[in-house]
Every structure is written in C-alpha cells, then in structure tokens.
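By convention here, the first residue in the shown sequence is residue 1.
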Amino acid sequence: MVITQQNLMQILPSAGANAGIFVPALNTAMARWEIDNPRRIAAFLAQIGHESGHLRYVKELGSDRYLSRYDTGALALRLGNTPEADGDGQRYCGRGLIQVTGRNNYRACSMALFGDERLLELPQLLEQPRWAAESAAWFWHSRGLNALADRGEFNRITRHINGGLNGLEDRLKLWARAREVLC
C-alpha cells in the first residue's frame, strides 16, 4: 500500500508543502521496512506526525544547554556517548522523523541503512527527507513495532518511541485520523 500526498495532508494537515516532499521517501521507507498494511501505516504516520511536528522538524529542538544532558552522566553512557563533555550530546541529538538519539543508535541505524558507520561522521544526513524517513522506518522495524501495530497496541508503540506516554492525546488523534483515511 502506498500513500498519496492527499492522504498525508488529510492525516497531517499542518504538514503543508512538506507532505509532498516526504511522500516518496515515506513510501520507499515503509515498503523496505514492511510497514505495508493500513494498520501499520496508520500507527507509523501518527507517531512520526507527532514526533516531527507534522513533518516540520527532523532535528531535536533544544539549546546546546538542553542537549548537553546527552553529553555526560548516566544518560550519555546509556546512549553510547562518551562520558566527557565533548559535544556528543549535540552531535548525536535526536534526528529523523522518530528522533534517533545517541551514538549507539546512530551506529546501529547507520549499519542498517548503509552497511557502515557513516552516520557517526555525518549525523546530519538524518535531516534529509530520504534518511529522516528511512531512519524512522528502521527504528520502527528494529523495535518490532509492526507486530504491535497489527494488534492495535498503540500505547506500547508510544512507550517504545518516547520512553513514556508524552503527547499521547495528540498521537491518538493522529492515529484516529490516519485510520479513518487509510482503513
């Protein structure tokens, strides 16, 4: 199943011109990572719609001070960033439509998408529509979220992506709209 620009605009009305930019990238990424039926696509689009502010943001919003929380301490170590205050927090901040974050995730994503570690040197690639969509679909697939979407376990999907249920009300509205359009 492929989505059209019209489908995407119905689901994410604030996407504007970005809908047309992202449709080809999303269709390619969803096909590659088996996000290939209406239930999976609806849940995926709802999640990326929320995470990216309706396709407006492909890089985590936050000042250097905010992003420095990824640079030292327990969170930095969990993400695979170096424990020194060396800028890893800013370098490997959230990017893509599902905000790949931290050196470990960038490495795993890079290996899956390119077969090498190029994202460690060029993390900004995940800000390009093609790789923003591919990284989101890879993340989705790598966490087994297709199976959760097939079972309608949307809150569990949200926890896998967000770590909690932040923005759940908006995500649920987008999911309902996506199911109405696609299902």
Side-chain angles (χ1 to χ4, degrees), residues 1-59 94-101 104-116 118-119 125-163 165-183:
M1 175 178 190
V2 297
I3 58 166
T4 65
Q5 184 174 346
Q6 181 180 356
N7 295 148
L8 203 50
M9 286 298 298
Q10 290 173 301
I11 298 164
L12 306 173
S14 299
N18 286 339
I21 293 168
F22 275 98
V23 163
L26 285 169
N27 280 322
T28 299
M30 290 187 303
R32 177 179 179 188
W33 299 101
E34 301 174 338
I35 305 167
D36 54 6
N37 67 48
R39 292 177 69 105
R40 292 174 180 185
I41 294 170
F44 180 72
L45 293 178
Q47 292 290 349
I48 66 166
H50 177 79
E51 289 289 313
S52 67
H54 291 227
L55 307 177
R56 290 180 297 204
Y57 308 109
V58 291
K59 184 178 179 189
R95 286 190 177 88
L97 295 176
I98 291 189
Q99 304 287 304
V100 171
T101 306
N104 287 345
N105 284 322
Y106 273 79
R107 180 180 289 113
C109 181
S110 192
M111 294 305 294
L113 299 185
F114 305 110
D116 60 35
R118 79 182 65 180
L119 287 177
L125 285 175
L126 295 187
E127 296 177 44
Q128 296 174 5
R130 177 180 179 188
W131 303 118
E134 283 284 347
S135 65
W138 160 79
F139 181 93
W140 182 273
H141 186 268
S142 72
R143 299 325 191 258
L145 302 183
N146 279 330
L148 297 180
D150 289 344
R151 294 192 303 264
E153 296 184 40
F154 194 76
N155 288 5
R156 284 188 62 200
I157 293 170
T158 301
R159 288 181 193 279
H160 279 278
I161 291 171
N162 182 260
L165 294 175
N166 294 331
L168 183 61
E169 184 178 336
D170 180 57
R171 293 171 200 267
L172 288 170
K173 285 179 187 175
L174 293 173
W175 187 41
R177 194 177 305 142
R179 285 180 293 160
E180 184 177 307
V181 170
L182 301 172
C183 302

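- Every residue was checked against the salt bridge (charged side-chain N to carboxylate O under 4.0 Å, His left out) condition with R143, not counting sequence neighbours, and none meets it.
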request  = Could you please spell out the steps behind the side chain to side chain contact (heavy atoms under 4.5 Å, CB included) verdict for R40 and E34?
outcome  = CA-CA 9 Å; R40 292 174 180 185; E34 301 174 338; 4.1 Å; yes

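- The shortest heavy-atom contact between V100 and S135 is CG2-CB, 4.0 Å.
- Shown here are the salt bridge (charged side-chain N to carboxylate O under 4.0 Å, His left out) partners of R171, two or more places apart in sequence or in another chain: E51.
- With sequence neighbours left out, the salt bridge (charged side-chain N to carboxylate O under 4.0 Å, His left out) criterion links R156 to E153.
- In plain terms, the two heavy atoms of P129 and A25 that are nearest each other are O-CB, 3.6 Å.
- Taking H141 as the reference, W33 meet the ring-ring contact (aromatic ring centres under 6.0 Å, His included) condition, with sequence neighbours excluded.
- D116 pairs by the side chain to side chain contact (heavy atoms under 4.5 Å, CB included) definition with S110, F114, R118, not counting sequence neighbours.
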L8 and Q5: CA distance, side-chain angles, deciding distance, side chain to side chain contact (heavy atoms under 4.5 Å, CB included) verdict = CA-CA 5 Å; L8 203 50; Q5 184 174 346; 5.7 Å; no

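- When the side chain to side chain contact (heavy atoms under 4.5 Å, CB included) test is applied to A29, the partners found at least two apart in sequence or on another chain are A133, E134, A137.
- The distance from atom CG of L55 to atom CD1 of I21, rounded to the nearest 0.5 Å, is 9.5 Å.
- A distance of 12.0 Å separates CG in N105 from CD in Q99, rounded to the nearest 0.5 Å.
- Side-chain atoms of N7 and T4 form a donor-acceptor pair, as typed in the model, at a separation below 3.5 Å.
- Looking at residues two or more places apart in sequence or on another chain, you find a salt bridge (charged side-chain N to carboxylate O under 4.0 Å, His left out) between E127 and R95.
- In summary, of the residues considered (I11, L45, V181), a side-chain contact (heavy atoms from CB on, under 4.5 Å) with I3 occurs for L45 alone.
- Among residues two or more places apart in sequence or in another chain, the side chain to side chain donor-acceptor pair (under 3.5 Å) test is passed with K59 by none.
- Applying the side chain to side chain contact (heavy atoms under 4.5 Å, CB included) test to R39 and every residue at least two apart in sequence or in another chain returns N37.
- For R130, the CZ atom counts as loosely surrounded, since its 6.0 Å shell holds 12 or fewer non-hydrogen atoms of other residues, nucleotides or ligands.
- Heavy atoms only, all atoms of each residue included: T101 and G94 are closest at OG1-CA, 3.3 Å.
- Atoms CD and CD1, from Q47 and I98 in turn, are 7.0 Å apart once rounded to the nearest 0.5 Å.
- Between W131 and V58, every side-chain heavy-atom pair lies at or beyond the 4.5 Å cut-off.
- Contacts of S14 classified as side chain to side chain donor-acceptor pair (under 3.5 Å), with partners at least two apart in sequence or in another chain: none.
- Between the CG atom of N155 and the CG atom of L165 there is a distance of 5.5 Å, given to the nearest 0.5 Å.
- Heavy-atom minimum distance, A136 versus L97: CB-CB, 3.8 Å.
- Nearest heavy-atom pair, A149 versus W140, reported as atom, atom and distance to 0.1 Å: CB-CZ2, 4.0 Å.
- Going from atom CD1 of I48 over to atom NE2 of H54 covers 11.0 Å, rounded to the nearest 0.5 Å.
- To the nearest 0.5 Å, atom CG of residue L168 and atom NE2 of residue H50 are 9.0 Å apart.
- Legend: residues meeting ring-ring contact (aromatic ring centres under 6.0 Å, His included) with F22, ordered by chain and number and at least two apart, are absent.
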task = Evaluate the criterion side chain to side chain contact (heavy atoms under 4.5 Å, CB included) for residue pair I157 and F44; output intermediate values, then yes/no.
result = CA-CA 9 Å; I157 293 170; F44 180 72; over 6 Å; no

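- Applying the side chain to side chain contact (heavy atoms under 4.5 Å, CB included) test to A46 and every residue at least two apart in sequence or in another chain returns F154, L174, W175.
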